[in-house]
Amino acid sequence: MDFKAEIIKILKKEHIPEELLQAPPNPDMGDYALPCFTLAKEYKKAPQEIAKDLEKKLKPSKNIEKIVANGPYLNFFINKAQYNKEIIEAKAVKKKKSNKVITLDFSQPNIMKPFSIAHLRSTMIGNAISQILTYEGYKVIKINHLGDWGTQFGKMMYAYEAWGNKTGLMKDPMHYMTDLYVRFHKEAETSPILEDKGREWFAKLEKGDKKARAYWDLFSKLSLQYYNKTYKRLNITFDSWAGEAFYEPQLKPTIEFLQKKHLLEESEGALIVNLEKYGLTPCIVRKSDGSTIYATRDLAAAIYRAKTYNFYKNLYVVDIRQSLHFQQVFKTLELAAFPWAKDCMHIPFGTMKFEEGVMSTRKGIIIFLEDVLDKAVESVEKIIEEKNPKLKDKKKVAEQVGLGAIVFWDLSHDRIRDISFSWDKVLDFNGETGPYVQYTYARAASILRKAKGIKAKPSYEKLVKVQEKELLKQLSMYPEAIEKAAEQYKPSILARYLITLCQVFNDFYENCPCVTEPDKNLAFARLKVVEKTKATLKEGLSLLGIQAPEEM
Ligand code: ARG
(Lines give C-alpha, C1' and ligand atoms only; values in the text may rest on other atoms or scores of the structure.)
Protein backbone atom coordinates (compact mmCIF):
# COMPACT_ATOMS: atom_id res chain seq x y z
CA MET A 1 0.00 0.00 0.00
CA ASP A 2 1.32 3.40 -0.95
CA PHE A 3 0.16 5.72 1.81
CA LYS A 4 1.72 8.77 0.23
CA ALA A 5 -0.13 8.12 -3.04
CA GLU A 6 -3.38 8.05 -1.12
CA ILE A 7 -2.66 11.46 0.43
CA ILE A 8 -1.72 12.84 -2.97
CA LYS A 9 -5.07 11.64 -4.29
CA ILE A 10 -6.84 13.56 -1.52
CA LEU A 11 -4.78 16.69 -2.30
CA LYS A 12 -5.47 16.41 -6.03
CA LYS A 13 -9.18 16.90 -5.43
CA GLU A 14 -8.33 20.35 -4.06
CA HIS A 15 -5.77 21.03 -6.81
CA ILE A 16 -2.97 21.21 -4.30
CA PRO A 17 0.43 20.32 -5.84
CA GLU A 18 1.86 17.11 -4.42
CA GLU A 19 5.39 18.55 -4.30
CA LEU A 20 4.41 20.48 -1.20
CA LEU A 21 4.07 17.32 0.85
CA GLN A 22 6.86 16.84 3.40
CA ALA A 23 8.05 14.37 5.97
CA PRO A 24 7.65 16.15 9.32
CA PRO A 25 10.72 16.29 11.55
CA ASN A 26 8.85 14.94 14.55
CA PRO A 27 6.53 11.91 14.39
CA ASP A 28 4.06 13.59 16.79
CA MET A 29 3.31 15.89 13.91
CA GLY A 30 2.01 13.08 11.80
CA ASP A 31 3.54 10.98 9.04
CA TYR A 32 3.24 13.61 6.32
CA ALA A 33 2.80 17.38 6.54
CA LEU A 34 1.52 19.99 4.13
CA PRO A 35 2.98 23.46 4.80
CA CYS A 36 0.38 26.01 3.70
CA PHE A 37 2.63 29.07 3.24
CA THR A 38 2.83 29.00 -0.52
CA LEU A 39 -0.93 28.55 -0.80
CA ALA A 40 -1.59 31.89 0.94
CA LYS A 41 -1.36 33.93 -2.24
CA GLU A 42 -3.86 31.88 -4.20
CA TYR A 43 -6.31 31.42 -1.33
CA LYS A 44 -5.85 35.00 -0.17
CA LYS A 45 -5.81 33.84 3.43
CA ALA A 46 -3.30 33.31 6.20
CA PRO A 47 -1.62 29.89 6.15
CA GLN A 48 -3.11 29.04 9.58
CA GLU A 49 -6.61 29.63 8.26
CA ILE A 50 -5.96 27.59 5.12
CA ALA A 51 -4.80 24.67 7.28
CA LYS A 52 -7.97 24.96 9.40
CA ASP A 53 -10.22 25.09 6.32
CA LEU A 54 -8.52 22.10 4.73
CA GLU A 55 -8.83 20.16 7.97
CA LYS A 56 -12.60 20.53 7.75
CA LYS A 57 -12.81 19.94 4.04
CA LEU A 58 -10.55 16.95 3.44
CA LYS A 59 -11.98 13.56 4.33
CA PRO A 60 -9.74 10.88 5.87
CA SER A 61 -9.74 7.63 3.89
CA LYS A 62 -9.27 3.95 4.71
CA ASN A 63 -5.51 4.20 5.18
CA ILE A 64 -5.31 7.83 6.24
CA GLU A 65 -6.63 7.95 9.75
CA LYS A 66 -6.54 11.60 10.70
CA ILE A 67 -5.98 14.95 9.03
CA VAL A 68 -5.22 17.68 11.59
CA ALA A 69 -4.33 21.36 11.32
CA ASN A 70 -1.38 22.45 13.40
CA GLY A 71 -0.59 26.15 12.96
CA PRO A 72 0.32 26.76 9.32
CA TYR A 73 0.70 22.99 8.73
CA LEU A 74 -1.81 20.33 7.83
CA ASN A 75 -0.70 16.99 9.29
CA PHE A 76 -1.64 13.57 7.97
CA PHE A 77 -1.66 10.47 10.17
CA ILE A 78 -1.62 7.17 8.37
CA ASN A 79 -3.33 4.03 9.64
CA LYS A 80 -0.47 2.57 11.70
CA ALA A 81 -2.02 -0.83 12.22
CA GLN A 82 -2.43 -1.21 8.47
CA TYR A 83 1.05 0.14 7.78
CA ASN A 84 2.69 -2.22 10.28
CA LYS A 85 0.63 -5.16 9.12
CA GLU A 86 1.70 -4.65 5.54
CA ILE A 87 5.39 -4.61 6.43
CA ILE A 88 5.09 -7.61 8.71
CA GLU A 89 2.96 -9.70 6.42
CA ALA A 90 4.56 -8.69 3.13
CA LYS A 91 5.20 -11.71 0.98
CA ALA A 92 8.54 -12.16 -0.73
CA VAL A 93 9.01 -9.47 -3.32
CA LYS A 94 10.71 -11.65 -5.90
CA LYS A 95 10.37 -9.88 -9.22
CA LYS A 96 8.59 -11.42 -12.18
CA LYS A 97 10.89 -13.42 -14.43
CA SER A 98 12.03 -11.33 -17.35
CA ASN A 99 13.58 -12.85 -20.45
CA LYS A 100 16.61 -10.60 -20.15
CA VAL A 101 19.73 -12.74 -20.05
CA ILE A 102 22.81 -11.68 -18.13
CA THR A 103 25.99 -13.64 -18.72
CA LEU A 104 28.16 -13.50 -15.64
CA ASP A 105 31.82 -14.50 -15.86
CA PHE A 106 33.19 -15.26 -12.40
CA SER A 107 35.50 -17.44 -10.28
CA GLN A 108 37.85 -18.37 -13.20
CA PRO A 109 40.69 -20.14 -11.36
CA ASN A 110 43.82 -21.02 -13.28
CA ILE A 111 44.18 -24.74 -13.82
CA MET A 112 47.12 -26.40 -12.03
CA LYS A 113 47.26 -23.61 -9.52
CA PRO A 114 45.53 -23.47 -6.18
CA PHE A 115 42.43 -21.40 -5.75
CA SER A 116 43.76 -18.01 -4.73
CA ILE A 117 42.15 -15.39 -2.55
CA ALA A 118 41.48 -13.25 -5.65
CA HIS A 119 39.57 -16.20 -7.09
CA LEU A 120 37.66 -16.56 -3.84
CA ARG A 121 36.67 -12.91 -4.10
CA SER A 122 35.54 -13.34 -7.69
CA THR A 123 33.67 -16.51 -6.73
CA MET A 124 31.79 -15.06 -3.78
CA ILE A 125 31.07 -11.66 -5.30
CA GLY A 126 30.02 -13.32 -8.54
CA ASN A 127 27.80 -15.84 -6.78
CA ALA A 128 26.08 -13.12 -4.73
CA ILE A 129 25.55 -10.92 -7.79
CA SER A 130 24.11 -13.87 -9.66
CA GLN A 131 21.61 -14.60 -6.87
CA ILE A 132 20.66 -10.95 -6.45
CA LEU A 133 20.10 -10.51 -10.19
CA THR A 134 18.08 -13.73 -10.33
CA TYR A 135 15.98 -12.42 -7.44
CA GLU A 136 15.40 -9.27 -9.46
CA GLY A 137 14.02 -11.41 -12.28
CA TYR A 138 16.94 -11.69 -14.71
CA LYS A 139 17.98 -14.96 -16.27
CA VAL A 140 21.61 -15.31 -15.22
CA ILE A 141 24.07 -17.60 -17.02
CA LYS A 142 26.92 -18.37 -14.63
CA ILE A 143 30.13 -18.93 -16.58
CA ASN A 144 33.38 -20.23 -15.13
CA HIS A 145 35.92 -18.91 -17.64
CA LEU A 146 38.68 -21.26 -16.50
CA GLY A 147 42.28 -20.27 -17.09
CA ASP A 148 43.05 -23.57 -18.77
CA TRP A 149 45.21 -22.58 -21.72
CA GLY A 150 48.53 -20.82 -22.05
CA THR A 151 52.29 -21.23 -21.68
CA GLN A 152 52.01 -22.20 -18.03
CA PHE A 153 50.81 -25.61 -19.28
CA GLY A 154 54.00 -26.07 -21.25
CA LYS A 155 56.00 -25.25 -18.16
CA MET A 156 54.14 -27.78 -16.08
CA MET A 157 54.58 -30.46 -18.71
CA TYR A 158 58.28 -29.86 -18.78
CA ALA A 159 58.55 -29.81 -14.99
CA TYR A 160 56.52 -33.00 -14.66
CA GLU A 161 58.64 -34.83 -17.23
CA ALA A 162 61.85 -33.62 -15.63
CA TRP A 163 61.09 -34.02 -11.92
CA GLY A 164 57.67 -35.52 -11.42
CA ASN A 165 56.05 -38.92 -11.15
CA LYS A 166 52.49 -40.17 -11.16
CA THR A 167 52.50 -41.61 -7.64
CA GLY A 168 53.51 -38.29 -6.17
CA LEU A 169 51.05 -36.42 -8.34
CA MET A 170 48.08 -38.59 -7.42
CA LYS A 171 48.74 -38.42 -3.70
CA ASP A 172 48.04 -34.70 -3.40
CA PRO A 173 47.71 -33.28 -6.93
CA MET A 174 47.36 -29.62 -6.13
CA HIS A 175 50.27 -29.28 -3.74
CA TYR A 176 52.35 -31.46 -6.02
CA MET A 177 51.63 -29.35 -9.10
CA THR A 178 52.21 -26.16 -7.16
CA ASP A 179 55.58 -27.43 -5.96
CA LEU A 180 56.55 -28.35 -9.51
CA TYR A 181 55.48 -24.95 -10.74
CA VAL A 182 57.42 -23.13 -8.05
CA ARG A 183 60.48 -25.28 -8.73
CA PHE A 184 60.25 -24.53 -12.45
CA HIS A 185 60.35 -20.80 -11.81
CA LYS A 186 63.15 -21.07 -9.32
CA GLU A 187 65.34 -23.11 -11.65
CA ALA A 188 64.45 -20.94 -14.64
CA GLU A 189 66.06 -18.01 -12.86
CA THR A 190 69.46 -19.64 -13.26
CA SER A 191 68.84 -21.59 -16.45
CA PRO A 192 66.66 -19.48 -18.75
CA ILE A 193 66.56 -22.30 -21.27
CA LEU A 194 63.71 -23.75 -19.25
CA GLU A 195 61.46 -21.00 -20.52
CA ASP A 196 62.11 -22.20 -24.08
CA LYS A 197 61.39 -25.76 -23.02
CA GLY A 198 58.08 -24.64 -21.59
CA ARG A 199 57.19 -22.80 -24.78
CA GLU A 200 58.09 -25.87 -26.83
CA TRP A 201 55.72 -28.00 -24.81
CA PHE A 202 52.94 -25.47 -25.16
CA ALA A 203 53.52 -25.30 -28.92
CA LYS A 204 53.16 -29.10 -28.97
CA LEU A 205 49.89 -28.79 -27.11
CA GLU A 206 48.61 -26.17 -29.52
CA LYS A 207 49.49 -28.43 -32.45
CA GLY A 208 47.52 -31.27 -30.89
CA ASP A 209 50.46 -33.51 -29.90
CA LYS A 210 49.05 -36.65 -28.27
CA LYS A 211 51.28 -36.74 -25.22
CA ALA A 212 50.87 -33.03 -24.51
CA ARG A 213 47.13 -33.40 -24.89
CA ALA A 214 47.06 -36.32 -22.46
CA TYR A 215 48.95 -34.27 -19.90
CA TRP A 216 46.55 -31.38 -20.39
CA ASP A 217 43.60 -33.71 -19.82
CA LEU A 218 45.16 -35.15 -16.68
CA PHE A 219 46.22 -31.84 -15.13
CA SER A 220 42.85 -30.24 -15.94
CA LYS A 221 40.89 -33.15 -14.56
CA LEU A 222 42.85 -33.18 -11.30
CA SER A 223 42.51 -29.42 -10.92
CA LEU A 224 38.78 -29.47 -11.53
CA GLN A 225 38.29 -32.24 -8.99
CA TYR A 226 40.12 -30.08 -6.53
CA TYR A 227 38.15 -26.90 -7.32
CA ASN A 228 34.90 -28.81 -7.13
CA LYS A 229 35.54 -29.67 -3.51
CA THR A 230 35.70 -25.98 -2.71
CA TYR A 231 32.68 -25.15 -4.88
CA LYS A 232 30.69 -27.84 -3.14
CA ARG A 233 31.72 -26.57 0.25
CA LEU A 234 30.70 -23.03 -0.67
CA ASN A 235 27.57 -24.22 -2.48
CA ILE A 236 28.54 -22.71 -5.83
CA THR A 237 27.31 -23.98 -9.19
CA PHE A 238 27.86 -22.92 -12.81
CA ASP A 239 25.87 -23.15 -16.00
CA SER A 240 28.93 -23.22 -18.20
CA TRP A 241 32.53 -24.30 -17.69
CA ALA A 242 33.72 -22.97 -21.03
CA GLY A 243 37.25 -21.89 -20.18
CA GLU A 244 39.97 -20.41 -22.32
CA ALA A 245 40.74 -23.74 -24.03
CA PHE A 246 37.15 -23.96 -25.21
CA TYR A 247 37.70 -20.99 -27.53
CA GLU A 248 40.82 -22.42 -29.17
CA PRO A 249 39.00 -23.36 -32.44
CA GLN A 250 37.45 -19.89 -32.63
CA LEU A 251 40.66 -17.91 -32.38
CA LYS A 252 41.70 -18.05 -36.02
CA PRO A 253 38.26 -17.01 -37.29
CA THR A 254 38.22 -14.18 -34.74
CA ILE A 255 41.56 -12.84 -35.96
CA GLU A 256 40.42 -13.17 -39.59
CA PHE A 257 37.25 -11.30 -38.77
CA LEU A 258 39.19 -8.43 -37.21
CA GLN A 259 41.46 -8.39 -40.23
CA LYS A 260 38.47 -8.04 -42.54
CA LYS A 261 37.33 -5.11 -40.47
CA HIS A 262 40.78 -3.53 -41.05
CA LEU A 263 41.43 -3.29 -37.37
CA LEU A 264 44.74 -5.14 -37.22
CA GLU A 265 48.24 -3.74 -37.60
CA GLU A 266 51.58 -5.47 -37.55
CA SER A 267 53.96 -4.32 -34.89
CA GLU A 268 57.32 -6.01 -34.30
CA GLY A 269 55.93 -9.21 -35.72
CA ALA A 270 52.85 -9.19 -33.56
CA LEU A 271 49.28 -8.45 -34.63
CA ILE A 272 47.67 -5.65 -32.67
CA VAL A 273 44.67 -3.37 -32.54
CA ASN A 274 46.02 0.14 -32.23
CA LEU A 275 44.05 1.97 -29.56
CA GLU A 276 46.28 5.01 -29.22
CA LYS A 277 43.45 7.32 -30.27
CA TYR A 278 41.50 6.19 -27.26
CA GLY A 279 44.34 6.64 -24.83
CA LEU A 280 44.91 2.90 -24.49
CA THR A 281 47.90 0.69 -25.16
CA PRO A 282 47.33 -1.75 -28.04
CA CYS A 283 45.22 -4.88 -27.75
CA ILE A 284 47.56 -7.67 -28.83
CA VAL A 285 45.75 -10.52 -30.56
CA ARG A 286 48.72 -12.54 -31.81
CA LYS A 287 52.24 -12.57 -30.44
CA SER A 288 55.32 -12.47 -32.66
CA ASP A 289 55.80 -16.23 -32.16
CA GLY A 290 52.37 -16.81 -33.65
CA SER A 291 50.62 -17.77 -30.43
CA THR A 292 47.37 -16.22 -29.32
CA ILE A 293 46.87 -14.72 -25.90
CA TYR A 294 44.42 -13.98 -23.14
CA ALA A 295 42.81 -11.05 -25.00
CA THR A 296 42.23 -13.07 -28.18
CA ARG A 297 40.37 -15.65 -26.15
CA ASP A 298 38.28 -12.98 -24.45
CA LEU A 299 37.34 -11.49 -27.83
CA ALA A 300 36.27 -14.91 -29.07
CA ALA A 301 34.42 -15.60 -25.81
CA ALA A 302 32.41 -12.35 -25.97
CA ILE A 303 31.42 -13.01 -29.59
CA TYR A 304 30.44 -16.56 -28.66
CA ARG A 305 28.34 -15.36 -25.71
CA ALA A 306 26.53 -12.79 -27.81
CA LYS A 307 25.64 -15.46 -30.37
CA THR A 308 24.77 -18.19 -27.90
CA TYR A 309 22.91 -16.24 -25.24
CA ASN A 310 21.86 -13.00 -26.92
CA PHE A 311 22.67 -11.26 -23.65
CA TYR A 312 21.19 -8.09 -22.27
CA LYS A 313 24.38 -7.58 -20.25
CA ASN A 314 27.69 -9.43 -20.33
CA LEU A 315 29.52 -9.04 -17.01
CA TYR A 316 32.99 -9.97 -15.79
CA VAL A 317 33.74 -10.18 -12.07
CA VAL A 318 37.52 -9.80 -12.19
CA ASP A 319 40.34 -8.20 -10.19
CA ILE A 320 40.64 -4.44 -10.72
CA ARG A 321 44.20 -4.93 -11.95
CA GLN A 322 42.73 -6.27 -15.17
CA SER A 323 40.86 -3.04 -15.96
CA LEU A 324 43.13 -2.14 -18.85
CA HIS A 325 42.68 -5.59 -20.39
CA PHE A 326 38.91 -5.22 -20.38
CA GLN A 327 39.03 -1.69 -21.74
CA GLN A 328 41.13 -2.97 -24.64
CA VAL A 329 38.83 -5.90 -25.31
CA PHE A 330 35.62 -3.86 -25.09
CA LYS A 331 37.06 -1.08 -27.27
CA THR A 332 38.10 -3.61 -29.89
CA LEU A 333 34.58 -5.09 -29.91
CA GLU A 334 33.14 -1.62 -30.28
CA LEU A 335 35.47 -0.82 -33.20
CA ALA A 336 34.41 -4.11 -34.78
CA ALA A 337 30.91 -2.56 -34.70
CA PHE A 338 29.25 -5.13 -32.50
CA PRO A 339 26.16 -3.31 -31.23
CA TRP A 340 26.32 -5.26 -27.97
CA ALA A 341 29.85 -4.06 -27.15
CA LYS A 342 28.30 -1.37 -24.95
CA ASP A 343 26.61 -4.04 -22.85
CA CYS A 344 29.90 -5.63 -21.80
CA MET A 345 31.05 -4.54 -18.41
CA HIS A 346 33.94 -5.22 -16.07
CA ILE A 347 32.84 -5.54 -12.43
CA PRO A 348 36.14 -4.92 -10.68
CA PHE A 349 37.20 -5.72 -7.13
CA GLY A 350 40.21 -4.77 -5.03
CA THR A 351 42.78 -6.87 -3.22
CA MET A 352 42.25 -8.73 0.02
CA LYS A 353 45.35 -8.12 2.13
CA PHE A 354 46.47 -10.51 4.81
CA GLU A 355 48.21 -9.80 8.07
CA GLU A 356 51.75 -11.07 8.02
CA GLY A 357 52.16 -14.56 9.34
CA VAL A 358 48.54 -15.40 9.92
CA MET A 359 48.16 -17.58 6.90
CA SER A 360 49.52 -20.93 6.09
CA THR A 361 51.56 -19.96 3.09
CA ARG A 362 53.80 -22.09 0.97
CA LYS A 363 57.17 -20.69 0.10
CA GLY A 364 55.84 -17.35 1.19
CA ILE A 365 53.83 -16.85 -1.97
CA ILE A 366 50.80 -19.03 -2.17
CA ILE A 367 47.83 -19.10 0.15
CA PHE A 368 45.74 -22.23 -0.12
CA LEU A 369 42.15 -21.26 0.15
CA GLU A 370 41.08 -24.43 1.91
CA ASP A 371 43.61 -23.66 4.64
CA VAL A 372 41.92 -20.30 5.17
CA LEU A 373 38.49 -21.91 5.30
CA ASP A 374 39.68 -24.69 7.62
CA LYS A 375 41.29 -22.22 9.95
CA ALA A 376 38.08 -20.18 10.15
CA VAL A 377 36.05 -23.27 10.95
CA GLU A 378 38.55 -24.42 13.60
CA SER A 379 38.51 -21.02 15.25
CA VAL A 380 34.73 -21.05 15.41
CA GLU A 381 34.83 -24.57 16.88
CA LYS A 382 37.02 -23.24 19.67
CA ILE A 383 34.68 -20.32 20.33
CA ILE A 384 31.68 -22.67 20.49
CA GLU A 385 33.59 -24.98 22.83
CA GLU A 386 34.13 -22.01 25.13
CA LYS A 387 30.74 -20.35 24.94
CA ASN A 388 28.21 -23.04 24.21
CA PRO A 389 29.75 -26.50 24.58
CA LYS A 390 26.36 -28.22 24.73
CA LEU A 391 25.30 -26.96 21.27
CA LYS A 392 23.76 -29.55 18.95
CA ASP A 393 25.45 -30.22 15.58
CA LYS A 394 28.60 -28.36 16.66
CA LYS A 395 30.57 -29.41 13.58
CA LYS A 396 27.91 -28.31 11.13
CA VAL A 397 27.36 -24.98 12.86
CA ALA A 398 31.12 -24.32 12.98
CA GLU A 399 31.34 -24.96 9.25
CA GLN A 400 28.44 -22.60 8.51
CA VAL A 401 29.74 -19.85 10.77
CA GLY A 402 33.39 -20.24 9.76
CA LEU A 403 32.62 -19.99 6.05
CA GLY A 404 30.03 -17.31 6.72
CA ALA A 405 32.67 -15.22 8.50
CA ILE A 406 35.02 -15.25 5.52
CA VAL A 407 32.36 -14.76 2.88
CA PHE A 408 30.57 -11.99 4.77
CA TRP A 409 33.81 -10.17 5.44
CA ASP A 410 34.51 -10.18 1.74
CA LEU A 411 31.00 -9.12 0.70
CA SER A 412 30.37 -6.48 3.36
CA HIS A 413 33.10 -4.23 1.96
CA ASP A 414 32.64 -2.18 -1.17
CA ARG A 415 34.16 -4.49 -3.76
CA ILE A 416 36.20 -1.74 -5.41
CA ARG A 417 38.28 -1.13 -2.31
CA ASP A 418 41.20 -3.14 -1.03
CA ILE A 419 40.31 -4.82 2.22
CA SER A 420 42.47 -6.12 4.98
CA PHE A 421 41.84 -9.42 6.58
CA SER A 422 42.39 -9.95 10.26
CA TRP A 423 41.17 -13.02 12.09
CA ASP A 424 40.08 -11.05 15.15
CA LYS A 425 37.90 -8.73 13.14
CA VAL A 426 36.48 -11.36 10.83
CA LEU A 427 35.40 -13.59 13.72
CA ASP A 428 34.22 -10.85 16.08
CA PHE A 429 30.72 -11.82 17.17
CA ASN A 430 30.00 -8.21 18.13
CA GLY A 431 31.53 -6.55 15.09
CA GLU A 432 30.03 -5.95 11.68
CA THR A 433 30.60 -9.54 10.70
CA GLY A 434 28.96 -12.68 9.42
CA PRO A 435 28.97 -14.30 12.87
CA TYR A 436 27.21 -11.22 14.26
CA VAL A 437 24.43 -11.48 11.68
CA GLN A 438 24.17 -15.25 12.16
CA TYR A 439 24.14 -14.81 15.93
CA THR A 440 21.33 -12.28 15.66
CA TYR A 441 19.44 -14.72 13.46
CA ALA A 442 19.88 -17.46 16.07
CA ARG A 443 18.68 -15.04 18.75
CA ALA A 444 15.48 -14.39 16.79
CA ALA A 445 15.04 -18.14 16.37
CA SER A 446 15.47 -18.65 20.09
CA ILE A 447 12.84 -16.01 20.98
CA LEU A 448 10.37 -17.74 18.70
CA ARG A 449 11.12 -21.12 20.27
CA LYS A 450 10.55 -19.74 23.75
CA ALA A 451 7.31 -18.03 22.72
CA LYS A 452 5.82 -21.06 21.02
CA GLY A 453 2.85 -21.24 23.39
CA ILE A 454 1.75 -17.64 22.95
CA LYS A 455 -1.26 -17.31 20.67
CA ALA A 456 -3.27 -14.11 20.42
CA LYS A 457 -4.56 -11.67 17.86
CA PRO A 458 -1.66 -9.35 17.03
CA SER A 459 -2.40 -5.68 17.78
CA TYR A 460 -0.17 -4.00 15.25
CA GLU A 461 -1.34 -0.52 16.24
CA LYS A 462 0.37 -1.07 19.60
CA LEU A 463 3.81 -1.10 18.02
CA VAL A 464 4.58 2.51 18.85
CA LYS A 465 7.89 2.41 20.74
CA VAL A 466 10.85 4.02 18.98
CA GLN A 467 12.64 0.69 18.69
CA GLU A 468 9.57 -0.94 17.19
CA LYS A 469 9.13 1.84 14.68
CA GLU A 470 12.79 1.77 13.74
CA LEU A 471 12.74 -1.96 13.20
CA LEU A 472 9.60 -1.80 11.06
CA LYS A 473 11.11 0.97 9.00
CA GLN A 474 14.28 -1.01 8.48
CA LEU A 475 12.29 -4.09 7.48
CA SER A 476 10.34 -2.05 4.95
CA MET A 477 13.60 -1.04 3.26
CA TYR A 478 14.68 -4.58 2.39
CA PRO A 479 13.40 -4.67 -1.21
CA GLU A 480 15.06 -1.35 -1.90
CA ALA A 481 18.39 -2.64 -0.60
CA ILE A 482 18.29 -5.60 -2.97
CA GLU A 483 17.25 -3.40 -5.86
CA LYS A 484 20.18 -1.06 -5.24
CA ALA A 485 22.60 -3.96 -4.84
CA ALA A 486 21.42 -5.30 -8.20
CA GLU A 487 21.65 -1.94 -9.96
CA GLN A 488 25.20 -1.32 -8.81
CA TYR A 489 26.31 -4.96 -8.81
CA LYS A 490 27.29 -4.48 -5.19
CA PRO A 491 26.46 -7.24 -2.70
CA SER A 492 27.95 -4.95 -0.04
CA ILE A 493 24.76 -2.86 -0.15
CA LEU A 494 22.75 -5.90 0.93
CA ALA A 495 25.38 -6.94 3.49
CA ARG A 496 25.42 -3.45 5.07
CA TYR A 497 21.63 -3.48 5.12
CA LEU A 498 21.68 -6.76 7.05
CA ILE A 499 24.15 -5.37 9.60
CA THR A 500 21.90 -2.37 10.22
CA LEU A 501 18.88 -4.62 10.47
CA CYS A 502 20.69 -6.66 13.13
CA GLN A 503 21.68 -3.55 15.08
CA VAL A 504 18.14 -2.22 15.04
CA PHE A 505 16.79 -5.64 15.94
CA ASN A 506 19.15 -5.99 18.89
CA ASP A 507 17.97 -2.60 20.14
CA PHE A 508 14.42 -3.80 19.86
CA TYR A 509 15.35 -7.01 21.67
CA GLU A 510 16.70 -5.11 24.64
CA ASN A 511 13.73 -2.76 24.95
CA CYS A 512 10.67 -4.64 23.80
CA PRO A 513 10.09 -7.94 25.61
CA CYS A 514 8.15 -10.57 23.73
CA VAL A 515 7.91 -13.59 25.96
CA THR A 516 7.40 -11.69 29.25
CA GLU A 517 5.16 -8.94 27.89
CA PRO A 518 1.84 -9.18 29.84
CA ASP A 519 -0.27 -7.66 27.05
CA LYS A 520 -0.58 -10.75 24.89
CA ASN A 521 -1.85 -8.88 21.83
CA LEU A 522 1.18 -6.65 21.93
CA ALA A 523 3.47 -9.60 22.64
CA PHE A 524 2.11 -11.41 19.64
CA ALA A 525 2.51 -8.38 17.39
CA ARG A 526 6.16 -8.20 18.51
CA LEU A 527 6.64 -11.87 17.81
CA LYS A 528 5.36 -11.28 14.31
CA VAL A 529 8.05 -8.63 13.89
CA VAL A 530 10.66 -11.08 15.16
CA GLU A 531 9.43 -13.65 12.68
CA LYS A 532 9.67 -11.16 9.83
CA THR A 533 13.18 -10.13 10.88
CA LYS A 534 14.25 -13.75 11.05
CA ALA A 535 12.90 -14.50 7.56
CA THR A 536 14.53 -11.39 6.13
CA LEU A 537 17.92 -12.25 7.65
CA LYS A 538 17.72 -15.79 6.35
CA GLU A 539 16.85 -14.75 2.84
CA GLY A 540 19.41 -11.92 2.78
CA LEU A 541 22.19 -14.19 3.98
CA SER A 542 21.24 -16.85 1.50
CA LEU A 543 21.41 -14.33 -1.36
CA LEU A 544 24.97 -13.68 -0.22
CA GLY A 545 25.71 -17.42 -0.19
CA ILE A 546 25.72 -17.78 3.60
CA GLN A 547 23.76 -20.21 5.74
CA ALA A 548 21.98 -19.36 8.95
CA PRO A 549 22.05 -21.88 11.83
CA GLU A 550 18.99 -21.91 14.10
CA GLU A 551 21.18 -22.24 17.19
CA MET A 552 24.65 -21.01 17.91
N1 ARG B 1 41.79 -16.68 -15.04
C2 ARG B 1 42.00 -15.26 -15.03
C3 ARG B 1 42.97 -14.89 -13.92
O4 ARG B 1 43.05 -15.59 -12.94
C5 ARG B 1 40.75 -14.46 -14.87
C6 ARG B 1 39.75 -14.64 -15.99
C7 ARG B 1 38.72 -13.57 -16.00
N8 ARG B 1 37.72 -13.69 -17.00
C9 ARG B 1 37.90 -13.39 -18.27
N10 ARG B 1 36.93 -13.60 -19.13
N11 ARG B 1 39.02 -12.83 -18.67
O12 ARG B 1 43.62 -13.88 -14.01
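Each ligand, and each atom within it, is numbered from 1 in the order the structure gives.
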Problem - Donor-acceptor side-chain pairing of Y312 and N310 below 3.5 angstrom - result: no

Problem - Whether F238 and W241 hold their rings parallel, tilted or perpendicular, with breakpoints at 30° and 60° - result: perpendicular

Practice task
Compile the protein residues with any heavy atom at a distance under 4.0 Å from an atom of ligand 1; present them by chain, then by number.
Solution key: D105, Q108, N110, H119, H145, Y294, D298, Y316, V318, Q322, F326

Handout entry: Salt bridge flag under 4.0 Å for residues E334 and K331
Key = yes

Problem - Test salt bridge (charged side-chain N to carboxylate O under 4.0 Å, His left out) applied to K142 - qualifying residues, sequence neighbours left out - result: none

Report, one line per pair, each donor and acceptor closer than 3.5 Å where one atom sits in a side chain of residues 194-203; sequence neighbours left out.
| from | atom 1 | to | atom 2 | distance (Å) |
| --- | --- | --- | --- | --- |
| D196 | OD1 | R199 | NH2 | 3.1 |

Practice task
Determine which pairs satisfy salt bridge (Lys or Arg N to Asp or Glu O under 4.0 Å) with at least one residue from residues 275-284, sequence neighbours left out, and list them in order.
Solution key: none

